[in-house]
**Q** 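Just passing along the structure, written as structure tokens.
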Amino acid sequence: MRRLAIVAVVVIAAVAGGWLLLGGGSALVGSSGSTPEPSIGPVPTSGEIVADGRAVPVRHAELSTQVPGTIAAVLVAEGDTVTAGQPLVRLDAGAADAEVAASTAAVDAAVAGLDRAKAAQAQAVAGRDAATASVDQAKAAVSGARAARDALPSGASSAQKRAANADTDAAVAALDGARANLRAATASRDAAVAGVAGAQAELDRAKAGLAGAQARASELTVGAPFAGTVASLDARAGEQAGPGVVLVRVADTSAWRIETTNLDETVVARIAVGSPVSITFDGLPGVTLDGTVVSVDGFGTSSQGDIVYRAVVEPATVPGGLRWNMTATVTFRAAE
């Protein structure tokens, strides 16, 4: 790792007494009687801090599957331009398709069951309505029979009175029967209503099952989260894939950032947001860009025994040929 460098110029000035060589090999010492000590001047602090960095697209994604499976198809190639939502890699969907088909059939069956339950409910409601009408009719018959009996003249014969009482008793019995029929029809109606509720619940469960099956099927396809370029592709048909294993990297290369990798804790306090920088790239000889610090991490991480901080730099221009993870050298104009 290129060590962080602070450019410093150290000027050392030494002043010493000189020997004056005279004839005969004798030496004369200055009148002070001693040799002056060398002196070291002050060390100026440099205004530049140099750190390593890497190029990163502002929008980028490392994509993997959400479920394990066998890769059935790779639908793009490295370097392809893709649109948001475009399928990139698809896993084998045989089992998922079978689950979706079974769930769809369950929904269809539940819909038919609900239709039957609703038809039974309508019939039960109609039966109860008819039973209610019968009770009303029976009540009217009882009232009519009683009125007829009560209307008999005082001189009515015993036979007439017996007949009137018999008519009244028959009407009351018919009313009792009509009421029993109404109670049965009401029970049937209530059972039919409960049947509709049960059929509706079954349909809701079937629909939830279908939605789950469809969601699991959709997880078998890796899609582009935004429009961009396929920066890397590590998927092959027939290979196994699983959650956390990166298959595709997609980048929006319209805007870039440079992230430092070894900005030391001893100098990070001298880096401020908005400070100017210059940027060079190992892979782009002769290219030097101006840039600006857009953020500096407030938390340092351990790296090879050092505590380092990430600073993010925005270049003023984007050179042709820039690639994700290209190494860069960032020179900061640091605060004194």
Side-chain angles (χ1 to χ4, degrees), residues 65-67 69 84-85 87 90-221 223:
T65 63
Q66 300 182 50
V67 294
R90 184 173 290 124
L91 299 187
D92 183 5
D97 289 345
E99 183 184 8
V100 170
S103 299
T104 301
V107 169
D108 293 342
V111 168
L114 179 59
D115 290 342
R116 289 192 298 271
K118 286 181 177 179
Q121 176 180 275
Q123 185 176 4
V125 168
R128 186 183 183 280
D129 291 342
T132 300
S134 295
V135 168
D136 293 339
Q137 291 171 356
K139 286 180 179 179
V142 168
S143 297
R146 286 174 175 170
R149 181 189 63 187
D150 294 342
L152 286 175
S154 57
S157 65
S158 298
Q160 289 175 318
K161 292 179 180 179
R162 287 194 298 273
N165 287 331
D167 289 344
T168 299
D169 292 342
V172 169
L175 176 59
D176 290 341
R179 284 173 172 166
N181 290 338
L182 177 59
R183 288 192 294 271
T186 300
S188 296
R189 189 275 316 271
D190 293 344
V193 170
V196 169
Q200 182 63 59
E202 181 61 29
L203 177 58
D204 292 341
R205 286 191 292 270
K207 286 182 175 179
L210 177 58
Q214 290 171 333
R216 286 185 287 275
S218 69
E219 291 174 350
L220 300 177
T221 298

**Q** Given 3.5 Å as the limit, does a donor-acceptor pair link the side chain of Thr168 with the main chain of Ala145, or not?
**A** yes

**Q** Does any part of the side chain of Val100, heavy atoms only, come nearer than 4.5 Å to the side chain of Leu210, both counted from C-beta?
**A** yes

**Q** Taking all atoms of both residues into account, what is the closest heavy-atom pair of Lys161 and Ser154, and its distance?
**A** NZ-O, 4.4 Å

**Q** Just verifying a value: how many Å separate Ser218 OG and Leu220 CG, rounded to the nearest 0.5 Å?
**A** 7.5 Å

**Q** Return the OG1 to CG distance between Thr186 and Asn181, rounded to the nearest 0.5 Å.
**A** 10.5 Å

**Q** What is the distance from atom CZ of Arg116 to atom NZ of Lys118, rounded to the nearest 0.5 Å?
**A** 13.0 Å

**Q** Show the nearest heavy-atom pair for residues Val135 and Ala178, with the distance to one decimal.
**A** CG2-O, 3.2 Å

**Q** Please enumerate all residues that pass side-chain contact (heavy atoms from CB on, under 4.5 Å) together with Ala164, with sequence neighbours excluded.
**A** Arg149, Leu152

**Q** Without placing hydrogens or testing angles, list every side-chain donor-acceptor pair under 3.5 Å for residues 201-209, not counting sequence neighbours.
**A**
residue	atom	partner	partner atom	Å
Glu202	OE1	Arg205	NE	3.4
Glu202	OE1	Arg205	NH2	2.7
Asp204	OD1	Gln200	NE2	3.1

**Q** How many angstroms lie between CZ in Arg146 and CG in Asp167, if you round to the nearest 0.5 Å?
**A** 13.0 Å

**Q** Rounded to the nearest 0.5 Å, what's the gap from OG1 on Thr104 to CD on Gln214? Could you check?
**A** 6.0 Å

**Q** What are the two closest non-hydrogen atoms of Arg189 and Val125, and how far apart are they?
**A** CG-CG2, 3.6 Å

**Q** Distance from Asn165 atom CG to Gln160 atom CD, nearest 0.5 Å?
**A** 12.0 Å

